[in-house]
Each structure stands twice: as C-alpha cells, then as structure tokens.
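These numbers come from the heavy atoms of this one structure, side chains and all, not from hydrogens, waters or symmetry mates. Just so it is clear, the model here is predicted, and its values are computed rather than measured. Note that ligands are numbered from 1 as they come in the structure, with each ligand's atoms numbered from 1 the same way.
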Amino acid sequence: MIKKEIKFNNKRKEKLNFKNNSELDVMRKYKKRSDKNFCVEKGFYPLGSCTMKYNPRINEYCANLDKFLNINPNQKDEDIQGSLEIIYNLQESLKEITGMDYVTTQPCAGAHGEFVGMMIIKKYFENKKDFKRKKVIVPDSAHGTNPMSASMCGFQIIQVKSNEFGQVDIEDLKPLLDETVAAIMMTNPNTLGIFEENILKISNLMHKNGSLLYYDGANLNAIMGYTTPRKMGFDVVHLNLHKTFSTPHGGGGPGAAPVCVTKELGEFIPKPTVEFDGNKYFRNYNRPNSIGKISTFFGNFSVLVKAYTYILTYGKRLKEISARAVLNANYIKEKLKEDYDVSHNTKCMHEFVISGESKKEKGVSTLQIAKRLMDFDIHPPTIYFPLIVHEAMMIEPTESENKETLDNFIEVMKNISKEIDNNPENFKNYPSKTIVKKVDEVYAARNLDLRRK
Ligand SMILES: *Cc1c(COP(=O)(O)O)cnc(C)c1O
C-alpha cells in the first residue's frame, strides 16, 4: 500500500501530442536514428583506454536466454542455482586471471569498482584501528576517476610525478611515504600504454610503509595470461568487464566491474557473497565485517554472463588476446612514427599516445585531426588524455582488427599529416562527409537547449 502520495514538481502538466504511430513508423524512426550512430560493427574504433573490441554475438545469445531473462533475483537460492553457479564460476575465473582470492561482482562500472575498492581499503585500516592513513597517492598520468573515487571515500589525494620514461618516478614517490599514506592507485600498463617496470620496487616500498596498492584494471587487455596484478604486488583490483571481456559500451551502456582482493581483505568485500558449499550455491549475508551492500543484487547480471561466455570461449587462449592487442598497437606506432610525434619512443603495450603539438604549430589541433578521421569512417582516438601529454591522441586498436584495417588507418593518418602540411586551413570545415557535418560548437555552447522538440 502506498501511504503517502509522492509529489513531483517537474510532472508534465499538459498531455503530450503523440501521433498514433504504427509499429512500422516507429521502427523506421529508430532505425534511421541508429544508422546515424557509429559503433564497433560499423568501423575502426581506436578509442584509447576504452578497449572497444569486437563483442562476439554468442555473448548476446547467452545473455538473452529465456532462463536468464525471466528469473527474479528475489527468488530463493535453490530456484536460481544456475545463475548463482555462473556468478561463482566467473568469480573463480577472475581469481585465476588476477591472482586474487576474493571477488565481488556487484560494482556496475569501473569508477564504481574504484569506489568500492577504496571503501574496502578504508575499512581495512579502520579495522586495524589505524586512523592516521588519510592519503592516497595517484600518478599524474591517472584516469580522472581514480582521484575522484578516492576523494569520495574521504581520502586526501597526493600526486606523484611521471619520469622521462613515462613511468612513476620512484624518487618523487619516496618522500611522499609516511604513516598517513593508505594506498597508491595505479594502472599497469599506465595510460601512456607503458609498462611500469619498477612495479615490484614500488609495491615493496608501499608494503614496507604499511600501505596498500590499488590496481585500476582498465588496461588488463595488455597483460592477460602473462602476469597478474597479484604478482606485481597489488592488493585490490577492479576489472572493466565491459572493456576487456567484451560487452558493448559507451554512451552510458551497462557495465560491470568486479573487485578482486587478497585474502587479507576478503572479509570486507560487499555482501552478500556468492559461495558454494560443495553441494549448492548460496548467497552469504553472514559477513559481519563487510562494507555492506553496494548494488542491487549482483550488478549487471547480463554483463557477467557475456564476460563468462567470452572467458569460456577462449579458455587458456585468453593470453593470445593480449599478445595480439600489443602487437597491433606496436605495428601502428612504428608506422606512424615518421609522421607524428609519439609521446615516448619505447615499445608500447596495448595502446600508445601521440602528441599533436607539432601539428598544432602548423595550425591544426588534435581536435581537428579527430574530426577529419570521421570523414573516413574511423572513430577518433581518445584525445587530450592523458593530461601530461600536450595535444594527446591515445590510440588503442585492440586485438580484433585485421591487418587491412590497421593499414587503412595508418594510410589515412599519413594522408592527414600531408594535408596538414599542404592545406591546414581546410581543417576548419571538417568533418565534411559525415551525416552530421561540422557542428557550430560556439553557437551550441551559447544557446544550449536540451528540450525535446
Ligand atoms: C575506463 C577507465 C576507467 C573507468 O571505467 P568506467 O567503467 O568508465 O567507469 C578507469 N580507469 C581507466 C584507465 C579507464 O580506461
């Protein structure tokens, strides 16, 4: 029974004037709209750090099975044994992939996973009655969500610099360490696509200081099967299933970011956990030191099914995914080196960063290069990130692409470089071949109107 009527101030007052559309009319309208959209199925999508890989259809098939679609998470454990088994098996797979001991599948995005991971770290120190540890160290190359998540947990953020090799500067790190430091948050390879070679030295330093290490797993696609965050000395990890383990994402689509932790932190993970007693799968609410419930049920279950399907499809061959992702990135980087300034001239991992500064001196900004790429049915790379590279372009081809696609991208990029030399003024009018041509950003900013017309 609803006892009190909730009053919405923004409730619509007049009736909407909807036409009585037929199903066909509606289908056509949305088909037209979706045709204007760009997606992995339409073309190359080298959006650095986002791992826009191909999402095999079998994942969708499995996630859409009746048995998964028509259950209710409030059903009794004995009625949903199959679904619990999938969550449990996924947890076991992720333990093996990360080297960790406990997993929660509840977080619904990378940033959500970071927040949960930092809550676990906070609880760990509170449980030890160590209340001095209020600081979290974050490299200057970090994804913006890292400092944000830690600060939302009440930590104070301290920045550590990168050195000339694009890696955490140990000499800058050492003086920051004292008994007020709770943790460092890192991703490895980092957002420059460079492997942090000193990671073992860093994890030793941190642990000697009584601090923990948080691994932002968004870049796991570079190392899967070759090493684990555990071997590098990390204590807490989140994985972006919607990146590494293939779920369509972007535009706010559903995500899942399980958090995996070591034995020492296991008692703090969100409840309920999914466990197996040798006979049946069950939800365990009896976890007194848990940080509590952080999501409805177990997060985005369909994303978990897709990830599990993907892992089963590859099995022990998951390693080949990383090998090919790294090979593809190095191939493009080597070919583009003559025409563009790569941020760091070393072997890269699954992605690399170009600086468009010298192109800007010729009158063409990174944003304009990105817009020009759209004329060739290529999604622009991530731009202006990481912040420590001027005019940055971050290119991540992923393992899914064949050599023709990579070669086409390289050729387009080389031609753009020539265009910049010959006709830089043309870049003011790009993109010129897309469905929506160059937009008037100044007008849009000054006359912002988000109402449905
Ligand atoms: C994508 C990403 C995140 C955040 O993940 P979301 O699922 O978008 O919240 C964090 N760190 C890095 C390095 C990323 O690439």
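Using a distance-only test at 3.5 Å, with no hydrogens or angles considered, no donor-acceptor pair links the side chain of Ser302 to the main chain of Ala63.
Taking only nitrogen or oxygen atoms, main chain and side chain alike, Asp216 reaches within less than 3.5 Å of ligand 1. Between Thr191 and ligand 1, not a single N/O pair is under 3.5 Å apart. Among the atoms of Asn146, none of the N or O lies under 3.5 angstrom from an N or O of ligand 1. Among the atoms of Ala109, none of the N or O lies under 3.5 angstrom from an N or O of ligand 1. An N or O contact shorter than 3.5 Å is missing between Asn219 and ligand 1 by distance.
In summary, the atoms of ligand 1 found under 4.0 Å from a heavy atom of Ala218, numbered by their order in the structure, are 2 (C), 11 (N), 12 (C), 13 (C), 14 (C), 15 (O). Here is the list of ligand 1 atoms found below 4.0 Å of a heavy atom in His242: 7 (O).
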Exercise. Would you please test Met349 and Ser322 for side chain to side chain contact (heavy atoms under 4.5 Å, CB included) and show each step?
Key: CA-CA 9 Å; Met349 296 296 285; Ser322 292; over 6 Å; no
Quiz item: Going through the distances and angles, do Phe38 and Tyr45 end up as a ring pair (Phe, Tyr, Trp, His ring centres under 6.0 Å)?
Solution: CA-CA 9 Å; Phe38 191 90; Tyr45 209 131; 5.6 Å; yes
Quiz item: Step by step, would you call Asn55 with Lys306 a side chain to side chain contact (heavy atoms under 4.5 Å, CB included)?
Solution: CA-CA 9 Å; Asn55 306 295; Lys306 288 176 207 180; over 6 Å; no
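Across Leu47, Asn240, Thr51, heavy-atom proximity to atom 5 (O) of ligand 1 is greatest for Asn240.
For atom 1 (C) of ligand 1, the closest non-hydrogen atom on the protein side is Lys243 NZ, 1.5 Å. Closest to atom 9 (O) of ligand 1, if we only count protein heavy atoms, is Ala111 N, 2.9 Å. Closest to atom 6 (P) of ligand 1 among all protein heavy atoms lies Gly110 N, 3.4 Å. Looking only at protein heavy atoms, the nearest one to atom 15 (O) of ligand 1 is Ser49 OG, 2.5 Å.
A side-chain hydrogen bond (donor to acceptor under 3.5 Å, both in side chains) check over residues 217-228, counting only residues at least two apart or in different chains, returns the pairs Lys53-Asn221, Thr187-Asn219, Asn219-His350, Asn221-Glu399.
Heavy-atom separations between His112 and ligand 1 are all 4.0 Å or longer. Look at His249 and you'll find every heavy atom at least 4.0 Å from all atoms of ligand 1. For Thr145, the closest heavy-atom approach to ligand 1 falls below 4.0 Å.
Donor-acceptor pairing under 3.5 Å is lacking for the side chains of Glu396 and Ser49.
Going from atom NE2 of His242 over to atom NE2 of His249 covers 5.5 Å, rounded to the nearest 0.5 Å.
Ring orientation note: the planes of Tyr310 and Phe245 are nearly perpendicular, at an angle over 60° on the 30°/60° scale.
With a 6.0 Å cutoff to the six-membered ring centre and a 45° limit on the axis angle, Lys293 counts as a cation-pi contact of Phe297. The cationic group of Lys371 does not satisfy the cation-pi geometry with Phe427, failing either the under 6.0 Å distance to the six-membered ring centre or the 45° limit from the ring axis.
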